[in-house]
Number of protein chains: 2
Amino acid sequence: MWLISHLVNYAMPLDPLSATFAALADPTRRAILARLSKGEASVTELAQPFEMSLPAVTKHLKVLERAGLITRSREAQWRPCRLAPKPLKDANAWLEHYREFWEGSFDRLEDYLADLQGQKRPARARKAPTPKKPK
Amino acid sequence: MWLISHLVNYAMPLDPLSATFAALADPTRRAILARLSKGEASVTELAQPFEMSLPAVTKHLKVLERAGLITRSREAQWRPCRLAPKPLKDANAWLEHYREFWEGSFDRLEDYLADLQGQKRPARARKAPTPKKPK
DNA sequence: CGTTTAATTAACCATGTGGTTAATTTCCCA
DNA sequence: TGGGAAATTAACCACATGGTTAATTAAACG
């Protein structure tokens with residue numbers, strides 16, 4: 001029954017966290033954010049350090065805007081962009097859950113936990129001598 | 001001369017930070033990481049909570065592995081996965097640069113900086129054929 | 001041996017992405 | 001009133017992604 005999975009997969013907007021991470025997954029867009037952290041800027045200003053065309057920058061800005069990472073206003077024919085902090089805050093909050101994993105002597109926390117769990121061989125290793133669900 | 005841009009654009013592996021953010025930009029993969037934070041697991045174990053096929057999970061694991069977010073070993077026919085902390089640490093370090101933007105009374109830091117810069121109209125208004133000074 | 005279990009590979013599909021050039025919109029101003 | 005600057009839209013291209021089903025590899029076991 002592929003109907004439902006297709007309905008679910010296509011045209012589904014990304015959840016906010018996914019949209020944020022996706023927007024951050026491009027060096028041009030990260031550079032744009034870095035520039036905006038120094039103050040608002042117009043599109044041509046933002047495009048200036050890059051070797052790409054204006055439309056390409058416009059597309060990057062759209063991605064950033066959809067992710068809520070920038071807001072845009074109008075000022076005559078300029079569309080100044082500004083950094084918006086909320087998604088960065090949320091992304092940081094998500095990463096914080098894993099802080100213990102990269103910090104200090106807990107770099108090997110996985111080891112520790114795995115050992116705690118005892119042998120528990122990887123997968124569903126229950127011998128299941130009895131007739132298992134055939135499927 | 002589109003030759004060079006094509007050479008640059010295509011088949012270029014992502015820089016590590018981009019690969020990490022791209023890998024995090026999917027709820028399934030984030031759920032897999034959350035599961036792995038509780039200890040190593042096999043592919044079928046990881047796939048169990050999801051409604052997708054095994055091959056789909058295998059693909060997600062490949063993305064995570066390429067980003068260095070997981071490591072894999074062999075154990076008979078199982079391929080246990082474990083969380084690897086380094087990329088999470090690096091992603092967090094990148095986000096830290098922006099902490100001031102989402103913290104406390106600095107939520108409006110952009111405002112502050114923009115004001116500091118004075119009028120400095122948005123774009124490269126360096127032409128300035130005549131004293132514009134709008135607004 | 002053959003069967004079962006674990007997992008990957010292959011082939012396919014629809015859509016998203018990151019770039020291009022060319023055309024178009026929108027606004028200021030002489 | 002019309003030119004020019006800022007920016008977006010349109011149409012296109014080459015992959016990448018996230019999913020599917022079917023086939024295949026690899027190891028354990030009876």
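A, B, ... follow the sequence lines: proteins, then strands. Residue 1 opens every chain.
- Closest contact between the side chain of Thr44(B) and the listed nucleotides dA7(D), dG19(D), dA6(C) involves dA6(C).
- In this structure, Leu54(A) places its CG atom 8 Å from C1' of dA6(D), rounding to the nearest Å.
- By the 4.5 Å heavy-atom criterion applied to side chains, Val43(A) and Trp78(A) are not counted as neighbours.
- Side-chain atoms of Thr58(B) lie closest to dT8(C) of the nucleotides dA11(C), dT8(D), dT8(C).
- Phe21(A) and Phe21(B) have parallel rings, their planes meeting at less than 30° on a 0 to 90° scale where 60° marks the start of perpendicular.
- Side-chain proximity of Pro55(A) to dT8(C), dA10(D), dT21(D): nearest is dA10(D).
- With salt bridges taken as basic N to acidic carboxylate O contacts below 4.0 Å, one links Glu96(B) and Arg99(B).
- Nucleotide dA27(D) holds its P atom 8 Å from the CZ atom of Arg79(B), rounded to whole Å.
- The distance between atom NE2 of His60(B) and atom P of dT8(C), rounded to the nearest whole Å, is 13 Å.
- Between Met52(B) atom CE and dT8(C) atom P the separation is 15 Å, expressed in whole Å.
- Of the listed nucleotides (dC27(C), dT17(D), dA27(D)), dA27(D) has the atom at the smallest distance from the side chain of Arg74(B).
- Salt bridge Asp15(B)/Arg30(A): present, at least one basic N to carboxylate O contact under 4.0 Å.
- Each of dA7(D), dA27(D), dA7(C) was ranked by its minimum atom distance to the side chain of Ala76(B); first place goes to dA27(D).
- The separation between Lys59(A) atom NZ and dT8(D) atom P is 13 Å, rounded to whole Å.
- Protein atom CD of Glu75(B) is 18 Å distant from nucleotide atom P of dA26(D), rounded to whole Å.
- As judged by a 4.0 angstrom heavy-atom cut-off over every strand, Ala56(A) is placed among the base-contacting residues.
- Whole-Å rounding puts the Glu51(A) CD to dT21(C) C1' distance at 17 Å.
- Between Lys62(B) and Ala22(A), it is Lys62(B) whose nearest contact on DNA chain C lies nearer the 5' terminus.
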